[in-house]
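These notes concern the structure reproduced below.
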Amino acid sequence: MSTEATPAAADVEMYDADNPAPVIEAPRKRTKKTPKSTRTNFEMYGWLFMRLSGIVLVVLVLGHLLIQLVLDGGVSKIGFAFVAGRWASPFWQAWDLIMLWLAMLHGANGLRTVINDYAERANTRFWLKMLLYTATVFTVLLGSLVIFTFDPNIS
Amino acid sequence: MSTAIEDKVEAASKASPYITVTFRVRRFNPEVSAEATWQDFQVEIDPKERVLDGLHKIKWDLDGSLTFRRSCAHGICGSDAMRINGRNRLACKTLIKDINPEKPITIEPIKGLTVLKDLVVDMEPFFQAYRDVMPFLITKGNEPTRERLQSAEDRERFDDTTKCILCAACTSSCPVFWNDGQYFGPAAIVNAHRFIFDSRDEAGEQRLEILNDKDGVWRCRTTFNCTDACPRGIEVTKAIQEVKRALITRRF
Ligand code: HEM
Ligand code: SF4
Ligand code: FES
């Protein structure tokens, strides 16, 4: 048996038994300051919403992509007239409205999960989420406004 | 002694089962350096032996400062979960021949917990989560004068999750736990499952409420790392999903 050691790590002996190096804390280690349980079903409803909206989104999004990109000559047909034609029917208005709301809330909740996972400092998490919620509310409201007030005869 | 026997002994020693294996160990000693480094050890060992035997050879013959936990050496105490060739396993249940000894075998501490020295991590957050789910029988009313009886089917319901040895291989293989130690982690949920589905226990509701929290079961993303890691073959992800289902059916 022989030992084939890689070169010793510390050239400069900065640490010793009385002065050990700081150990790397696990990310957001559970401490006494950890917030107490919330006692709501919010996360459960969030989880259920991701699955249920996902199922509906399969139909809405795939249908949407099919109509927009494949059928009837593909993307080249999309123009003001095409959109105006589809939104003349309450069916397509409802389709797009539901798709807008579900995709936005689904995507926002998904990104909330991602932020909760990856942002380590409480402040970073808070502001990232505020940015996310602002963007979501803005997009949902603007989209809804357009669908409801769309005027095909706009000059 | 007859020469026949001597020949036999000689032949046996010629066909030595020993091979030279490189163990590449992640070393960390806060009393020397703030950096963790890789160190290679060449060990002559029978490939039918286990990684733990290799670590013993290193510690006993090559470098006594190598620090790791082990107790039973037979897959029962759960002390020696470590990251071997990038996967969480028990060193005492991993045969060297099964993990390609031609190449260096990498050995690291499990992830997501604070490394104290070499392969030893601070298990406290892990056991805190375990304690939080109240892993003991809770009943109401008077103590029965004899044992609490249970049918074979009722026992079968939570059989899988009774096998846990609290090695932390699952929890420290979970990417959600790596990023956020607040998550209870698979092991705590497995041990809650063991009592939630026990017909003799009466605090299932309380445990479900604890795991309904924002750092409870809903953080699980079904990556199946825990099921892959479990040295006891527990279907960890399935147990977590069963707790989720119990929470949902309880509400609706
Ligand atoms: C096409 C149908 C879709 C289905 C079936 C679906 C399904 C799901 C499910 C079940 C989850 C939860 C995953 C988990 O908890 O582990 C999820 C997460 C997520 N979804 Fe969707 N989704 C769909 C469409 C969309 C769309 C259109 C968006 C974007 C607007 C989106 C954005 C996200 C994001 C950001 C996450 C979080 C990712 C993560 O947790 O790592 N999804 N999706
Ligand atoms: S469930 Fe399996 S991997 Fe997790 S702590 Fe228990 S024995 Fe170890
Ligand atoms: S030493 Fe006890 S489980 Fe491996």
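Lettering follows sequence order; numbering is per chain, from 1.
- Contact of Phe184(B) with chain A is made through backbone and side chain together, with heavy-atom distances under 4.5 Å.
- Only the side chain of Asp122(B) comes within less than 4.5 Å of a heavy atom in chain A; its backbone stays farther off.
- For chain B, the nearby parts of Asn116(A) are the backbone and the side chain; heavy atoms of each come within less than 4.5 Å.
- Both the sub-6.0 Å distance and the 45° axial angle are satisfied by Arg26(B) relative to the ring of Trp38(B).
- Only the side chain of Arg221(B) comes within less than 4.5 Å of a heavy atom of chain A; its backbone N, CA, C and O stay farther away.
- Residue contact with chain A, scored on non-hydrogen atoms closer than 4.5 Å, is absent for Lys111(B).
- In this structure, Arg86(A) forms a cation-pi arrangement with Trp92(A), its terminal cationic atom sitting closer than 6.0 Å to the ring centre and no more than 45° off the ring axis.
- Between Phe126(B) and Tyr183(B), the distance separating the two ring centers is not shorter than 6.0 angstrom.
- How far CH2 of Trp87(A) is from CZ of Phe150(A): 6.5 Å, rounded to the nearest 0.5 Å.
- Among the candidates Asp18(A), Asn41(A), Asn19(A), Ile24(A), the residue making the largest number of heavy-atom pairs closer than 4.5 Å to chain B is Asn41(A).
- Cation-pi geometry between Arg125(A) and Trp127(A) is not met: the NZ or CZ atom fails to fall both under 6.0 Å from the ring centre and inside 45° of the normal.
- With a threshold of 4.5 angstrom between heavy atoms, Arg219(B) approaches chain A through side-chain atoms but not through N, CA, C or O.
- At least one side-chain heavy atom of Pro175(B) sits less than 4.5 Å from a side-chain heavy atom of Asn225(B).
- The choice from Ile45(B), Ile248(B), Val121(B), Val115(B) that makes the most heavy-atom pairs within less than 4.5 Å of chain A is Ile248(B).
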